[in-house]
Structure formats: C-alpha cells, structure tokens
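Heads up: numbering here begins at 1 and tracks the sequence. Note that these values count all heavy atoms, side chains included, but never hydrogens, waters or copies made by symmetry.
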Amino acid sequence: MKHYLGVDIGTFETKGVIVSATGEIVAQAARAHRMQVPQPGWAEHDAEQDWWGDFVHVTRKMLADSGIAPSSVAGIGASGIGPCMLPVDEAGSPLMNAVLYGVDTRAAREIEELTRQIGADVILERCGNALTSQAVGPKMLWLKRNRPEVFAKTRKILNSSSFLVHRLTGRYTIDHYSAGNFSPFYLVDRQGWSGELAPGIIAMEQLPELMWTTEIAGHVTTRAAAETGLAEGTPVIAGTIDAAAEAVSVGVLNAGDLMLMYGSTIFIILITGSRVRDGRLWYAPWLFPGQHGSMAGLSTSGTLTHWFRGNFAKDLPRETAVIELAKEAEASPPGAKGLVLLPYFSGERTPIHDTKARGILFGLDLTHDRGDMFRAVLEGIAHGTRHVFETYAEAGQAPRIVYAVGGGTKNRVWGQATSDITGSTQVLRQKTIGASYGDAFLAALALGDVTPADIENWNPVASSITPRPELKAMYDRQHAVFRGLYPATKGFL
C-alpha cells in the first residue's frame, strides 16, 4: 500500500504524519522547539536544529513506530512557518538564525523607506500587498545593512519549506504562494521575480526557483536518505507555508471558503474568485494556477496564552496549566465581567499593520480574578478575528463558510467565544492535526493518486460551533470598545 509523509515546522513544534492511501493516519510524531527572542521585536529559529533536526527526528520516529517500509512512502510534502528569511551559503548551510514571519518586526525602518521610495500604491498594485512586517524583502535589506559579512556569503535566501526541500533533494525551490510574501521582489502580475522596484538590494539569482506547490521539486538524495531513513529517490513536492497546507487539510478549495487557524498566531486564508486589492489584507496566488488567496493574521494568539501561563499560572503544573486556565475561564461569564483585551503584544499585523501597537487589558476592578483575565485574553483574540472578518466584508469578500483548525480548537472557551463574537458558524473536520496532514494530501495530489474533492473522504466534517444569539448585543458593545481602544491610545506610544 502507498503512504504519504507530511512534516510541518511550526513556531513552537514540528509535527509529522504518515498517511495511507485512504487518508488514515498510520503514524504521528512531534518535537518541541523554542522561538528565540534575542531582543524585543525579534523572533528567530535555529534552522539547523529546529527545522532539519526536527524533520529527521520525527521522520525516523514515524518510520520506526509504523513499521512500514520506507519504499512504501510514495511522496513527501513539507511546509513550515512563513514567510521567513534564512540566508544560506554555497553549501546550503545557514549563515545565521532564521528571521521569522510578521512577529519579527526588526525591519520597520526598511519598510518605511521602501514604501516611500517605491510608493504604496505601486507596491500594492504590483506586489499584491503593502509592505509590512510580514514581507521578506525589507528583512533582506535589513540583512544587507546590518549583517554585511553574512550578506556577502549569502548564495540563496530561503524560507522554512525551501530549506527542507533543499536538504532532501539538493534543489533550491519555493512555491508561488510563499514567494508572494517576498515583496517587493515577487510581482503578482507576472508571477515571477523582479528587482525593478527595488534595484541593487539582492540579485534575483539569490532567490529560489519558482514552482507550484504540487510540482515535484526533486527526489530524496543518497545523503538525505541516510539521515532520515527515507528511501532514496522518493519524490518531494515544492511544498508551501504551513497555513496553506492547513487550509487544504480541512477542505478549503473553493471561492468563499475560509480557513481560521488557531495556532501561535491566528492565521486566516480566504479563497477568492479574483484578486483582492486591499492594503489591509495580504494577497498571493493560491497553491494552484488560476486561484487566488486573501490572507490575514494576528501577531499574538496562542503565543499570548503561552505568555499568560508563564507569568500568571506558575502555581499550576506546566503540562496541564492551559487546561486548568481554560476551566477557570469557562467559570467566568461571557464578556469576562466587562474586561476587554487588545492582543497587540507584538504589534499587530492585519488589518492595522502597526509594529508599534501594544496590548491593553481594559476595565479591571477588584472583582476580577485570573479566570476573568484569561477569558479576556481568549475573547480579545476573538475580537481581533472579528476585526479581520469585518475587513473582508468591507472589501466585498465576506466568507461563505468558515473551517476551523489548529490546536486552539480544543479550547472550548476560545472556539465558542470566536463564534459568538464574529457571529460565524465554524465547521470542524474529524482530523484537526493541521498542516502536516495537508502536506501528505498535497503529496498524494501531486502524484495523481487523489483529486481535490477526495479531501471530503480523507477528512469528513465532524461538528460545528454556532454563535449564541442571546450574547450578540453584549459582544457588539464590547467590540465597539475593542475597536475604539487602539485609535484612542496609539498616540501615547
């Protein structure tokens, strides 16, 4: 029987899965790693250890646990956090830690300068996105200015999935969806690399070869086979960013389908029938030719729950602290006794795109306890999600159906608050393990062993979370407070 292997590099954990030809999970493995924050506004990974080291670990464990022959793995898909910036040398070895996605805000100066030089309207039209902390291009300029000795040795700039594909196959590739975040060097009207908007920063030869996600990027080399235990010659697809693979895993296939990913950050993908031109949102070609993706993301979500646990739940066992906090939050009434939280603890991405924004817990009095505050954290993330949904509606692209996925879906308070505050029903699939499962499906799709519609059989609908209408008026009032807090306080920062 054929099997498909998928591995995803997350912010705090790498997850792998081996799936049968009918979508059954044969083996799973995970390995934790940490996000390094060497100074405020920076976020990094050790690519050698956290990306490739984790890939090798989970792959070997799954092969050992399942007992399947490596030769039965028909295809491999890899995804990872993105967009990231990893400079590598002639041998493909990392020259520094990888600079992570929009949570890393080190290139604020470069964003402002490039936007001024090129013009915001030109960037939005040619690149599909305003330059924000999510864009890789300004981070390349930061690298050139601040690490000239590293830049001088840089042969290629990779992201997480590109690095894994290179280690597996020896080829430097990147999918179009990931490349769409390399503004201002990827032009969406051409679907190709160009230095014309920002000449003199980087040579286009330093960027990977463009491919669509399900194109075969190469095959497992002798060296990679020895390290991973995989069979030499196994096909490896180009792969993509984790959120896109996660969307595939829950059946986001058609215009109007929206994926709401509960993870270290909230990430949202809406498939649209045409390109969305709105600087508050992100745009990229979707995984397949002729399709479009409109994306949004909050800077701190699951990361914020980690922060809360680490600072306010030191009395609880680390392994069960989040579960206990969720119980305390459930005991707090909806609305958290009037508390409203702005979750801008690392600035904010969509729709305000302000790296200087900061978090606020508003409305505290002496009656509030830890459960109220943790509920306010979860509800604050939900209010941020509603702000994004409202932005889609203003852009004429209100979602038709919302598929929820990610570890946060196991938190009942968070999931229910999100439906109550956004007014949207969330559909959950049977398997919510996320991007690694989508990677395996994409590998099967690349080999022609499944069609896109087969995700309905691989991962059927399991349940839904519906909004409670009796809470609408209360949450509407709180949302008005949420929307007012940022403009009322940003002048103080």
More than 12 non-hydrogen atoms from neighbouring residues, nucleotides or ligands closer than 6.0 Å to NZ on Lys337, yes or no? yes
Is it true that Arg370 and Glu324 make a salt bridge, defined as a side-chain N closer than 4.0 Å to a carboxylate O? no
Would Tyr177 and Trp212 count as a close aromatic pair, with their ring centres under 6.0 Å? no
Lys/Arg N to Asp/Glu carboxylate O, Glu125 vs Arg277, below 4.0 Å: yes
Mind checking whether Phe482 and His387 have parallel, tilted or perpendicular rings, split at 30° and 60°? perpendicular
State whether the side chain of Asp372 and the backbone N or O of Asp369 hold a donor-acceptor pair below 3.5 Å, judged by distance alone. yes
Could you check if a side-chain atom of Phe389 sits within less than 4.5 angstrom of a side-chain atom of Leu258, using non-hydrogen atoms only? yes
Would you check if Asp46 and Gln36 make a side-chain contact, meaning some heavy-atom pair closer than 4.5 Å? yes
Within this structure, what is the NZ-CD1 distance for the pair Lys431 and Ile25, rounded to the nearest 0.5 Å? 6.0 Å
With rounding to the nearest 0.5 angstrom, report the CZ to CG distance, Phe362 to Leu342. 10.0 Å
Would you say Thr300's side chain and Pro343's backbone share a donor-acceptor pair under 3.5 angstrom? yes
Quick one: does any side-chain atom of Lys139 pair with a main-chain N or O of Tyr101 as donor and acceptor, under 3.5 Å? yes
Any chance CZ of Arg275 has more than 12 other-residue heavy atoms, nucleotides or ligands included, within less than 6.0 Å? yes
Would a distance-only check, ignoring hydrogens and angles, find a side-chain to backbone donor-acceptor pair under 3.5 Å from Asp257 to Asn254? yes
Closer than 3.5 angstrom, by distance alone: can the side chain of Thr350 be matched with the main-chain N or O of Ala296 as a donor-acceptor pair? no
Value for OH (Tyr403) from CD (Gln426), rounded to nearest 0.5 Å, stands at 13.0 Å
May I ask you to decide whether Glu330 forms a salt bridge with Lys327, counting only side-chain N to carboxylate O separations under 4.0 Å? no
Flag, side chain of Glu348 to backbone of Ser299, donor-acceptor distance under 3.5 Å: yes
Between Asp354 and Lys490, does at least one N-O distance fall below 4.0 Å, as a salt bridge requires? no
Please answer whether the main-chain N or O of Ala336 pairs with a side-chain N or O of Arg375 as donor and acceptor at a distance below 3.5 Å. no
Atom CD1 of Ile269 and atom CD of Glu246: how far apart are they, to the nearest 0.5 Å? 9.0 Å
Please check this pair: side chain of Ser419 against backbone of Ser424, looking for a donor-acceptor N/O pair closer than 3.5 Å. yes
Could you point out which residue of Asp242, Thr240, Asp439 forms a side chain to side chain donor-acceptor pair (under 3.5 Å) with Ser79? Asp439
Would you say Arg429's side chain and Asn459's backbone share a donor-acceptor pair under 3.5 angstrom? yes
In this structure, which one of Leu325, Leu341, Leu361 forms a side chain to side chain contact (heavy atoms under 4.5 Å, CB included) with Val377? Leu341
Salt bridge (charged side-chain N to carboxylate O under 4.0 Å, His left out) contacts in which one or both residues fall within residues 459-483, not counting sequence neighbours: Arg386-Asp476, Glu390-Arg483, Asp420-Arg468, Lys472-Asp476
